[in-house]
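None of the values given here were measured: they were computed from a predicted structure. We name chains A, B, ... by the order of the sequence lines, and we start the count at 1 in each one. These values consider heavy atoms only, across backbone and side chains, with no hydrogens, waters or symmetry-generated copies.
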There are 2 protein chains.
Amino acid sequence: MPKDRAPTRIQKKNRKAILDSALDIFSARGFRGATVDDIASAAGLSKPNLLYYFPTKESIYLTLLEGQLDTWLDPLRALESDGDPLDQILAYVRRKLEMSQAYPRESRLFAHEIMQGAPRITDILSTDLRQLVDEKAALIQGWMEAGRLAPVHPHHLIFSIWSLTQHYADFDVQIRAVLPGEDPFAAAPDFVETLYRRLLTP
Amino acid sequence: MPKDRAPTRIQKKNRKAILDSALDIFSARGFRGATVDDIASAAGLSKPNLLYYFPTKESIYLTLLEGQLDTWLDPLRALESDGDPLDQILAYVRRKLEMSQAYPRESRLFAHEIMQGAPRITDILSTDLRQLVDEKAALIQGWMEAGRLAPVHPHHLIFSIWSLTQHYADFDVQIRAVLPGEDPFAAAPDFVETLYRRLLTP
DNA sequence: CGTCGCTTTGACCATTTGGTCAAACCAATT
DNA sequence: AATTGGTTTGACCAAATGGTCAAAGCGACG
């Protein structure tokens, strides 16, 4: 593995290729279902060569998880107290749905990890994520108490947004198998907007 | 493996124990994350002994998937054209949520399988499940056209029910990490009922 | 109580898989 | 062109894992 210097051109290229291939494979098969060999050949490298850039399979996986976590939570962070509450929520839902469409691999990566019991990120979930959610739930609660949104349990509201939007990424195969021809994401934005509009309009 | 006769008392007991332990482990770790040894010792058997009852790891997994699929779809099948449409939908949602609470392992088993691309059940999804969903979607569509339910895309309505209810089982860890103390399933029934009531009341 | 057929197991095997290592290979700088 | 340091690989290893098998154990029934 290279020294502690500025990464060379080759290092940048290969680390990026590895992480991209690894995301493909981890997101499709979970941590244990992915093999180092598969990731390596998907990245166009030999296994020892891959292990020259990342010391272990786990280190690749952790790099991905940690590297994407912030991005993944950005939409929720952007939920602000300014402006119309319903618009804020709808914008959040829309961002979340766009992320599921644009980054389904990331969605599945987290889904796998959480369904395994989230062994590598429980502490983050119960500290950072929990704090963020509590904060935004309080904001929503405030809107509801002010009569600016119809009242519902704010935490469960957030869960429902997660589940609904990520479902389109995580269960893509099922949706496509069931939906007659049409692109799952075609009608989804309208549907979720309608749903949250009717749920939350005071 | 035993001949083609009526199963003995011991066979019944052991097959049941194996399937139960296997459900524990497959649902927690997915197919590749589960080892035959783990399942065997969880069932209180040696590995060769387990393989005396099921020829392969895959056969255990398939037995579970197929054995639970019908049960898993029963709530949707029970959606009938009789009675008040909203009550029918709300009853479906309630049944589905109860199943997530009572059978989280089964929910996760299917979730894992589908997230892997559903290699073993794609055909069932695109035939049986699709037909069932189409049928019920048509029923819902009819209710909406008759003005007895507020109009939304019926397929996506069904997806939303799946995602919302199964989320409580599949992402249990995350929900518990985020929810301040309370039991996730305590407020869930009220929340989902409110959601679908507001969404669908004409 | 002996036999027959179901049940259980220790020992074993082949394959897969994560990871190591020394040697070869390049690329750029002097 | 020689040197230096990053890059690549073939060969190899140990552990894990799915599965086999012959032999031993056991239960019920005549």
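Taking the side chain of A/Asn49 as heavy atoms from C-beta on, and the options D/dT8, C/dT8, C/dG19, the nearest nucleotide is D/dT8. The A/Thr35 side chain lies nearest to C/dT17 when the options are C/dT17, C/dT9, D/dT7.
Between B/Ser46 and the phosphate of C/dT8, there is no side-chain N or O to OP1/OP2 separation shorter than 4.0 Å.
At least one donor-acceptor pair under 3.5 Å links the side chain of B/Ser27 to the backbone N or O of B/Asp24.
Classification of B/Arg120 and B/Glu66 as a salt-bridged pair fails, no side-chain N sitting under 4.0 Å from a carboxylate O. Contact check on B/Arg95 versus B/Asp74 returns no salt bridge, with no Lys/Arg side-chain nitrogen under 4.0 Å from an Asp/Glu carboxylate oxygen. For B/Asp20 and B/Lys16, the salt-bridge test fails: no basic side-chain N is under 4.0 Å from an acidic carboxylate O.
Not a single donor-acceptor pair, N or O on each side, falls under 3.5 Å between the base of C/dG19 and the side chain of A/Lys57.
Judged as a side-chain hydrogen bond (donor to acceptor under 3.5 Å, both in side chains), the pairs with a partner in residues 148-157 of chain A (not counting sequence neighbours) are, in order, A/Asp134-A/His155, A/His153-B/Glu182, A/His156-B/Tyr168.
Across B/Lys47, B/Arg29, B/Lys57, a single residue satisfies salt bridge (charged side-chain N to carboxylate O under 4.0 Å, His left out) together with B/Asp38, and that is B/Arg29.
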Just the table, please: protein N/O against nucleotides 27-30 of chain C N/O, every pair under 3.5 Å.
| unit_1 | atom_1 | unit_2 | atom_2 | d |
| --- | --- | --- | --- | --- |
| C/dA28 | OP1 | A/Arg9 | NH2 | 3.1 |

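For DNA chain C, none of the residues of residues 13-33 of chain A falls under the heavy-atom distance limit of 4.0 Å.
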